[in-house]
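Written out below as structure tokens is the structure these notes cover.
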Amino acid sequence: MRLSRYFLPVLKETPSEAQIVSHRYMLRAGMIKQQAAGIYSWLPLGFRVLARIEEIVHQEQVRAGHIPMLMPTIQPADLWQESGRYDAYGPEMLRIRDRHDRDMLYGPTNEEMITDIFRAHVESYKQLPMTLYHIQWKFRDEVRPRFGVMRGREFLMKDGYNFDVDKDAALHAYNRHMVSYLRTYERMGLKAIPMRADSGPIGGDDTHEFLVLASTGESEVFYDSAVTDLTLGNRAVDYADRAAVKAVCDEFTAPYARTDETHDEALFNALPEARRKVGRGIEVGQIFYFGTKYSEPMGAVVVNDQGQRVPVHMGSHGIGVSRLLGAIIEASHDDKGIIWPEGVTPFHCGIVNLKQGDGAADAACEGLYQALTAKGLAPLYDDRDERAGAKFATMDLIGLPWRITVGPRGLKNGVVELTSRRTGESEEMSPEAAVAKVAEIYTPHMAAN
RNA sequence: CGGGGCGUAGCGCAGCCUGGUAGCGCGGCGGUUUUGGGAACCGUAGGUCGUAGGUUCGAAUCCUAUCGCCCCGACCA
């Protein structure tokens with residue numbers, strides 16, 4: 001993309017409504033525009049990151065054997081009357097009446113609808129296990145939306161639902177989700193810790209939420225410092241292997257890690273003092289096993305291998321896709337702007353032309369642009385007729401992890417400069433070497449697809 | 001939903017107390033000189049002062065109502 005042809009309305013000054021860093025940078029980097037309290041338009045740059053995050057979520061869900069689909073945002077009220085949640089949900093649910101006076105609602109979640117779909121088409125245990133998911137906009141009419149996309153009323157969420165013949169199978173689905181979530185967050189450059197949680201209005205017995213440590217987080221968290229050393233890395237996990245999947249879950253849930261809701265002072269104090277950590281976290285996902293809570297009242301039953309009709313065991317699992325943008329920025333920024341992890345960056349590499357209109361510099365930038373594109377990478381070429389300082393400031397603000405700087409001075413020696421946004425370190429090399437280096441950096445991220 | 005604050009140009013703000021020609025900075029547009037970390041100068045466009053009533057000869061300013069937004073708390077992906 002050539003910046004002169006793009007729509008990137010960056011702001012020098014911070015809009016007054018933004019308090020926390022991710023909100024400020026998202027506004028300043030021209031990623032979002034607020035339309036009402038807790039409701040945002042996604043401008044091109046923000047949209048690219050959102051799409052990238054969505055893509056990673058899809059890839060990891062499909063890898064775990066889960067099946068993508070799409071349910072509507074607007075739902076009929078009768079499904080919710082059937083489960084009993086129409087009255088239970090309260091004013092957080094946006095209720096709508098259509099022209100025929102039918103009661104509708106803007107879905108805050110989809111347990112009822114997915115159960116309705118399941119019961120209409122699945123009758124035998126032979127069709128199980130099955131996990132269906134979608135990534136769709138939700139609306140929860142929060143009393144007090146805040147922190148930009150971190151607590152919006154409208155938000156994009158991945159929600160998945162597993163259907164299994166018995167509890168053991170459903171718990172395997174639970175574990176499978178835990179592992180797939182760990183991998184998802186790692187690919188986004190995040191350290192997300194699974195913590196035992198409260199089930200809230202969704203109900204159920206087993207539930208973990210995933211928290212990203214950040215001082216601006218909304219939840220107070222208590223954890224064993226050992227948990228932050230754990231990484232999934234590149235290890236291959238066979239999602240069909242119950243024992244292998246459970247082993248990973250056991251590893252990640254063994255160290256003490258809880259939110260204030262479930263915190264157990266006695267257990268926590270049993271840890272060596274040096275390992276006791278108290279901090280704040282941003283919740284970026286939650287998984288639940290809730291058994292037959294919905295399948296029983298809604299009649300989602302299958303015939304098991306004994307010929308008996310049994311309600312299916314279910315769980316649900318959510319990732320706050322739009323919230324993740326905020327969480328990633330909270331976890332990865334400095335005083336100049338955002339620092340995108342390679343996995344989610346909107347553009348792989350920035351190209352800064354220090355002297356637009358200089359024949360050699362223009363040609364070198366064009367060459368880099370073509371070469372990077374040919375490698376399957378998406379460069380952002382700042383070809384505006386701006387001074388160097390303005391271009392650097394823009395690049396730093398929008399946070400592309402790598403920048404190639406091209407100027408007449410370096411070109412005389414046949415070199416350009418490759419700079420890491422994270423460390424600020426620069427290295428001079430030939431344009432060809434810079435392209436090769438950037439391509440190499442992104443190889444693992446492209447391969448992960 | 002309780003408490004607090006704010007709505008004036010695209011963005012950040014002053015003006016309001018003490019009513020009398022609506023301002024400043026950034027940004028935009030045109031130009032000149034510049035050009036390796038948000039350049040300088042000149043010129044120029046842009047606002048029914050959130051909305052509706054009221055008081056007044058006259059309201060951004062005073063009064064009333066209303067809408068919107070932000071912050072703290074209680075609640076939530």
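Naming: A, B, ... by sequence-line order, numbering from 1 per chain. Just so it is clear, the structure is predicted and the values come from calculations on it, not from any experiment. The basis for the numbers below is simple: all heavy atoms, side chains too, and nothing from hydrogens, waters or symmetry mates.
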For this session: Flag this pair as yes if the NZ/CZ of A:R323 is under 6.0 angstrom from the six-membered ring centre of A:F155 and inside a 45 degree cone about the axis; otherwise no.
Result: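 So A:R323 doesn't make the cation-pi contact.
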If we take the [atom1] atom in both [N] and [M], what is their distance in whole Å?
N      : M      : atom1 : value
B:rU8  : B:rU61 : C1'   : 11 Å
B:rG5  : B:rC63 : P     : 15 Å
B:rG19 : B:rC75 : C1'   : 45 Å
B:rU48 : B:rG4  : P     : 33 Å
B:rG53 : B:rA60 : P     : 14 Å
B:rU44 : B:rU51 : P     : 29 Å
B:rG25 : B:rG54 : C1'   : 36 Å
B:rG68 : B:rA59 : P     : 27 Å

Within the structure shown, what part of the strands sits under 4.0 Å from [X] by heavy-atom distance: base, sugar-phosphate, or nothing?
X      : answer
A:G318 : nothing
A:G424 : nothing
A:G320 : nothing
A:A36  : sugar-phosphate
A:S322 : nothing

[X] [atom1] to [N] [atom2], straight-line distance once rounded to whole Å:
X      : N      : atom1 : atom2 : answer
A:R146 : B:rA74 : CZ    : P     : 9 Å
A:D385 : B:rG31 : CG    : C1'   : 14 Å
A:L397 : B:rG38 : CG    : P     : 15 Å
A:R144 : B:rC69 : CZ    : P     : 13 Å
A:Q19  : B:rC69 : CD    : P     : 16 Å
A:L11  : B:rC26 : CG    : P     : 16 Å
A:D396 : B:rG36 : CG    : C1'   : 14 Å
A:K355 : B:rG37 : NZ    : P     : 13 Å

Problem set entry | Minimal non-hydrogen separation, A:C249 against A:T253, with atom names |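 Closest heavy-atom pair between A:C249 and A:T253: O-OG1, 2.6 Å.
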Below 3.5 Å, does any donor atom in the side chain of [X] face an acceptor in the base of [N], or the other way round?
X      : N      : value
A:R403 : B:rG37 : yes
A:R28  : B:rG12 : no
A:E13  : B:rG25 : yes
A:E417 : B:rG36 : yes

Problem set entry | Aromatic contact, A:Y289 with A:Y174 (centres under 6.0 Å) |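 For A:Y289 and A:Y174, the ring centres are not under 6.0 Å apart.
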For this session: Tell me whether the centres of the aromatic rings in A:H66 and A:Y133 are closer together than 6.0 Å.
Result: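 Between A:H66 and A:Y133, the centre distance exceeds or equals 6.0 Å.
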Minimum-distance nucleotide to [X] side chain [options: [options]]:
X      : options                : value
A:F392 : B:rG38, B:rG37, B:rG12 : B:rG37
A:E283 : B:rG73, B:rC13, B:rA77 : B:rA77
A:R387 : B:rA77, B:rA39, B:rC26 : B:rA39
A:S16  : B:rG36, B:rA77, B:rC13 : B:rC13

So which nucleotide does [N] pair with, by the Watson-Crick or G-U wobble rule with both distances under 3.5 Å?
N      : answer
B:rC24 : B:rG12
B:rC49 : none
B:rC62 : B:rG54
B:rG19 : none

Exercise. With under 30° as parallel and over 60° as perpendicular, where do the rings of A:F222 and A:F268 fit, or are they tilted in between?
Worked result: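 Answer is perpendicular, since the angle exceeds 60°.
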Exercise. Any side-chain donor-acceptor pair under 3.5 Å between A:Q61 and A:S180?
Worked result: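 Result is yes, a qualifying pair exists.
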Exercise. Hey, is A:F155 stacking on B:rA77? Ring centres under 5.5 Å, planes under 30°.
Worked result: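 Check passed, A:F155 stacks on base of B:rA77.
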Problem set entry | Polar side-chain atom of A:K191 near backbone of A:L230 as donor-acceptor pair, under 3.5 Å |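 Looks like yes, one N/O pair under 3.5 Å.
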